[in-house]
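Everything below concerns the one structure shown next.
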Amino acid sequence: MEQQRVRQPWVVGVSGASGTPYAASVVRALLAAGEAVDLVVSRAARLTILDETGVSFRDAHWQEDLTAWTGVEDLGDVRYWSAGDFAAGPSSGSYPAKGMLVVPATTGAVAGIALGLSKDLLQRAAAVTLKERRPLVVCVRETPLDGVTLKHLVELDAQGAVVLPASPGFYAGGSTARELVDFVAGRVLDAVGVPHGLYRRWEGELGSGGKTA
């Protein structure tokens, strides 16, 4: 008897930090790579998405709103979980996720994950990811960082997470906001080994950032 293929998604957690275009770019690239995505959008993130893009992200209309936010018409294999749903798949270690990407991450989310508070599904899913020793990338978007947050980030690193600040690199030749956003999203995907073509990679040649593709 042929064994059915088990779905293994990447969980993408979007917290309320400024920088929701980073999350949209990550989702677009994951779908372009043929990856399954489980999406968790915090309550605060809904307000940030509305403020930064004009898109209202609603539970009952998440597919329509996700298309409006990311520009992706064919959403492929995407599941959406409400941030208040503690019975959701990603809340359990037996749920076969590949890992989790928190993009962007507020300092509050950083603290909650580092301390294991599990105040909402995003934090709970991140805690599960750590305890199951799966890849966790935390793309923190805040400046300046105070000592408490720095200690939390060190703790996350000690627990095996990748701490990846939303810090665009200019050597890839990015000159537009979209290109700089895609650079950060590409680095997030690099951290978990998902192939993409979001930015020009360094090849050891000075001045290559100004070349056209």
Side-chain angles (χ1 to χ4, degrees), residues 4-106 108-109 112-113 117-130 132 134-139 141 166 181-182 184-185 188-189 192 194 196 198:
Q4 187 176 3
R5 178 178 174 270
V6 176
R7 178 180 182 272
Q8 287 189 287
W10 288 102
V11 180
V12 177
V14 186
S15 78
S18 176
T20 56
Y22 295 124
S25 182
V26 165
V27 170
R28 282 193 297 266
L30 285 171
L31 295 178
E35 298 284 347
V37 174
D38 275 24
L39 184 64
V40 181
V41 180
S42 76
R43 290 185 174 88
R46 296 185 193 190
L47 298 177
T48 309
I49 292 171
L50 178 62
D51 186 51
E52 295 184 340
T53 69
V55 174
S56 298
F57 202 94
R58 302 158 293 177
D59 284 351
H61 303 278
W62 70 266
Q63 291 166 307
E64 173 188 341
D65 295 341
L66 182 58
T67 291
W69 177 36
T70 63
V72 178
E73 294 290 340
D74 182 3
L75 294 178
D77 191 354
V78 179
R79 289 181 184 173
Y80 171 73
W81 304 96
S82 171
D85 185 2
F86 283 91
S91 69
S92 172
S94 66
Y95 188 73
K98 288 185 176 179
M100 184 171 183
L101 316 172
V102 184
V103 186
T106 62
I113 297 168
L117 299 181
S118 296
K119 287 187 174 181
D120 60 9
L121 179 59
L122 188 153
Q123 292 184 21
R124 170 60 185 169
V128 166
T129 302
L130 286 174
E132 296 296 325
R134 295 168 183 160
L136 173 65
V137 179
V138 179
C139 186
R141 215 310 304 167
V181 164
D182 284 349
V184 172
V188 170
L189 297 181
V192 292
V194 174
H196 64 85
L198 290 174

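Worth saying up front: this structure is predicted, and the values here are computed from it rather than measured.
- The two atoms that bring Leu50 and Ser56 nearest to each other are CD1-OG, 3.6 Å, heavy atoms only.
- Leu31 CG to Asp74 CG: the interatomic distance, rounded to the nearest 0.5 Å, is 8.0 Å.
- Across all non-hydrogen atoms, the minimal contact from Ser118 to Phe86 is O-CE2, 3.5 Å.
- Side chain of Ser91 to backbone of Ala125: no donor-acceptor contact under 3.5 angstrom is found.
- Side-chain contact check for Val72 versus Leu66: every heavy-atom pair is 4.5 Å or farther apart.
- In this structure, Asp65 and Ile49 have side chains that are not in contact, with every pair of non-hydrogen atoms separated by 4.5 Å or more.
- Under the side-chain contact (heavy atoms from CB on, under 4.5 Å) criterion, Ala166 pairs with Tyr22, Cys139, Arg141, Val184, not counting sequence neighbours.
- Of the inter-residue distances, the one linking Met100 atom CE with Leu122 atom CG reads 4.0 Å to the nearest 0.5 angstrom.
- Interatomic distance, Leu75 CG to Thr67 OG1, rounded to the nearest 0.5 Å: 4.0 Å.
- In this structure, the separation between CG on Asp85 and OH on Tyr80 is 10.0 Å, given to the nearest 0.5 Å.
- Applying the salt bridge (Lys or Arg N to Asp or Glu O under 4.0 Å) rule to Asp120 yields no partners; only residues at least two apart in sequence or on another chain are considered.
- Not counting sequence neighbours, the partners of Ser18 by the side-chain hydrogen bond (donor to acceptor under 3.5 Å, both in side chains) test are Glu52.
- With sequence neighbours excluded, the residues that form a side-chain hydrogen bond (donor to acceptor under 3.5 Å, both in side chains) with Ser92 are Ser94.
- Using a 4.5 Å heavy-atom threshold, the side chains of Trp69 and Thr20 count as touching.
- Residues passing the salt bridge (Lys or Arg N to Asp or Glu O under 4.0 Å) test with Glu64 are Arg58, sequence neighbours excluded.
- Side-chain atoms of Val41 and Trp62, non-hydrogen and from C-beta on, never get closer than 4.5 Å to each other.
- By the side-chain contact (heavy atoms from CB on, under 4.5 Å) test, Ala44 is found to be paired with Ser42, residues two or more places apart in sequence or in another chain being considered.
- Between Val37 and Val26, the closest side-chain pair of non-hydrogen atoms is not below 4.5 Å.
- The minimum heavy-atom distance linking Val181 with Pro21 is given by the pair CG1-O, 3.4 Å.
- Put simply, the side chain of Val137 does not reach to within 4.5 Å of the side chain of Val103, judged on heavy atoms.
- With sequence neighbours excluded, no residue forms a side-chain hydrogen bond (donor to acceptor under 3.5 Å, both in side chains) with Gln63.
- Residue pairs satisfying the salt bridge (Lys or Arg N to Asp or Glu O under 4.0 Å) criterion with at least one member in residues 11-23, sequence neighbours excluded, are absent.
- For the side-chain contact (heavy atoms from CB on, under 4.5 Å) test, no residue two or more places apart in sequence or in another chain qualifies with Leu47.
- Judged as a salt bridge (Lys or Arg N to Asp or Glu O under 4.0 Å), the pairs with a partner in residues 23-49 (not counting sequence neighbours) are, in order, Arg7-Asp38, Glu35-Lys98, Arg46-Asp59.
- Using a 4.5 Å heavy-atom cutoff, the side chains of Phe57 and Leu39 are in contact.
- Checked against ring pair (Phe, Tyr, Trp, His ring centres under 6.0 Å), Tyr95 has no partners two or more places apart in sequence or in another chain.
- One N or O on the side chain of Arg134 and one on the backbone of Gly93 form a donor-acceptor pair closer than 3.5 Å.
- Val27 is not listed as a side-chain neighbour of Val78, based on a closest heavy-atom distance of 4.5 Å or more.
- Across every non-hydrogen atom of Gly16 and Thr48, the tightest pair is O-OG1, 2.7 Å.
- Taking all atoms of both residues into account, the shortest heavy-atom contact from Pro104 to Val14 is CD-CG1, 4.0 Å.
- Partners of Thr129 under the side-chain hydrogen bond (donor to acceptor under 3.5 Å, both in side chains) rule, at least two apart in sequence or in another chain, do not exist in this structure.
- Listed for the Ser15 side chain is a donor-acceptor partner under 3.5 Å among the backbone atoms of Thr106.
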